[in-house]
2 protein chains.
Amino acid sequence: MTSAQDMLDTAVEEARKGLAEGGIPIGAALFAADGTLLGSGHNQRVQRDDPSIHAETDAFRNAGRQRGYASTTMVTTLSPCWYCSGLVRQFNIGAVVIGESTTFTGGHEWLAEHGVKVTVLDDERCVSMMTDFIAAHPELWAEDIGE
Amino acid sequence: MTSAQDMLDTAVEEARKGLAEGGIPIGAALFAADGTLLGSGHNQRVQRDDPSIHAETDAFRNAGRQRGYASTTMVTTLSPCWYCSGLVRQFNIGAVVIGESTTFTGGHEWLAEHGVKVTVLDDERCVSMMTDFIAAHPELWAEDIGE
């Protein structure tokens with residue numbers, strides 16, 4: 001059994017990788033029920049000039065084709081936007097662990113209403129990483145969430 | 001001014017490309033307000049072994065980084081799943097034109113409730129393409145929508 005905090009550490013590591021690459025520091029990881037890491041990734045808007053790769057999308061892609069996600073957990077450093085919340089709902093990902101929802105709140109309450117097990121942590125590393133990034137690059141952040 | 005039917009033709013062409021490649025025949029395209037094609041694409045689950053690329057995602061990606069989507073129209077051969085509906089909502093894509101919603105219904109009514117201009121056509125080419133595909137490859141279709 002892997003704790004929510006342990007799983008979050010993997011996502012935080014991904015977010016830091018993204019930051020080091022000059023990208024938007026959001027990371028995510030998809031875990032199997034037994035704690036096996038299926039895939040992890042981070043936002044790639046800047047690095048690959050690709051607006052379609054959010055952290056959750058990247059982790060989902062890197063997990064490859066799976067037959068069923070009900071027993072998996074998506075861990076992300078930030079509350080999932082509607083795009084990523086839609087991913088979770090469509091593929092019936094069973095649980096979502098969120099580093100923080102202070103700097104941005106997406107669709108995690110909607111997911112909870114639709115039966116996804118949602119855990120929101122209040123991780124200071126995640127909050128400060130996004131707070132600093134948004135202050136330094138407000139235009140990039142607005143672009144990433146379509147504002 | 002480009003008609004919904006003209007725009008749909010581009011998406012149908014993409015779906016046919018996907019079918020010819022052995023893939024799931026769903027196509028999409030993103031148009032600017034003046035009718036300029038920004039990007040088009042098709043489902044790539046089979047071709048690239050990538051579960052994250054639905055038709056709408058592919059079109060969105062191929063349109064590159066844009067600063068604002070409110071005046072754009074996403075055209076797709078099939079009612080957008082929750083993943084792709086979430087994409088439309090997060091990036092404030094202004095309008096969605098749908099070839100058909102008979103073989104599958106995703107989140108297009110939810111999008112309409114949230115202010116997206118939704119047009120559902122009843123295009124026989126789209127219906128028959130999906131009907132034939134689902135009959136021939138039920139397992140692939142179930143995989144693509146997480147069932």
Search all heavy atoms of A:Glu143 against all heavy atoms of B:Arg67 and return the closest pair with its distance.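 Minimum heavy-atom separation between A:Glu143 and B:Arg67: N-NH2, 3.6 Å.
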
If I compare all heavy atoms of A:Pro51 with all of B:Gly64, which pair ends up nearest, and what's the gap?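 Smallest heavy-atom distance, with atoms named: CG-O, 3.6 Å.
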
Rounded at 0.5 Å granularity, tell me how far CH2 in A:Trp82 sits from CG in B:Asn92.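 So the CH2 of A:Trp82 and the CG of B:Asn92 are separated by 12.0 Å.
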
Distance from B:Gln44 atom CD to A:Arg61 atom CZ, nearest 0.5 Å?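 The distance works out to 10.0 Å.
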
Engaged part of [X] at the chain A interface, taking heavy atoms whose separation is under 4.5 Å:
X: B:Ala70; result: neither
X: B:Thr57; result: both
X: B:Arg65; result: both
X: B:Ile53; result: side chain
X: B:Asp58; result: neither

With a 4.5 Å cut-off on side-chain heavy-atom distances among I, L, V, M, F, W and Y, is there a chain of contacts connecting [X] to [Y]?
X: A:Leu30; Y: A:Leu111; value: yes
X: B:Met129; Y: B:Val127; value: no
X: A:Leu19; Y: A:Leu140; value: yes
X: A:Val75; Y: A:Val88; value: no
X: A:Val118; Y: A:Phe91; value: yes

How about B:Gln5: does its CD atom have over 12 heavy atoms from other parts shown lying under 6.0 Å from it?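 Atom CD in B:Gln5 is crowded, with more than 12 foreign heavy atoms closer than 6.0 Å.
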
For B:Glu13, does the CD atom have more than 12 heavy-atom neighbours from other residues, nucleotides or ligands under 6.0 Å away?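 Counting neighbours around CD of B:Glu13, 12 or fewer heavy atoms of other residues, nucleotides or ligands fall under 6.0 Å, so no.
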
Are any non-hydrogen side-chain atoms of A:Tyr83 and B:Tyr83 less than 4.5 angstrom apart?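 Yes. Closest side-chain heavy atoms under 4.5 Å.
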
Indicate yes or no for a side-chain donor-acceptor contact from B:Gln90 to the backbone of A:Cys81 under 3.5 Å, with no hydrogens or angles considered.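 No: the side chain of B:Gln90 does not pair with the backbone of A:Cys81.
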
For B:Trp110 together with A:Trp110, are the ring centres under 6.0 Å from each other?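 Judged by ring-centre distance (under 6.0 Å), A:Trp110 and B:Trp110 do meet the cut-off.
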
Let's test your reading of the structure: which of B:Ala63, B:Ser85, B:Ala142 forms the most heavy-atom pairs below 4.5 Å with chain A?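 Going by pairs under 4.5 Å, I would pick B:Ala142.
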
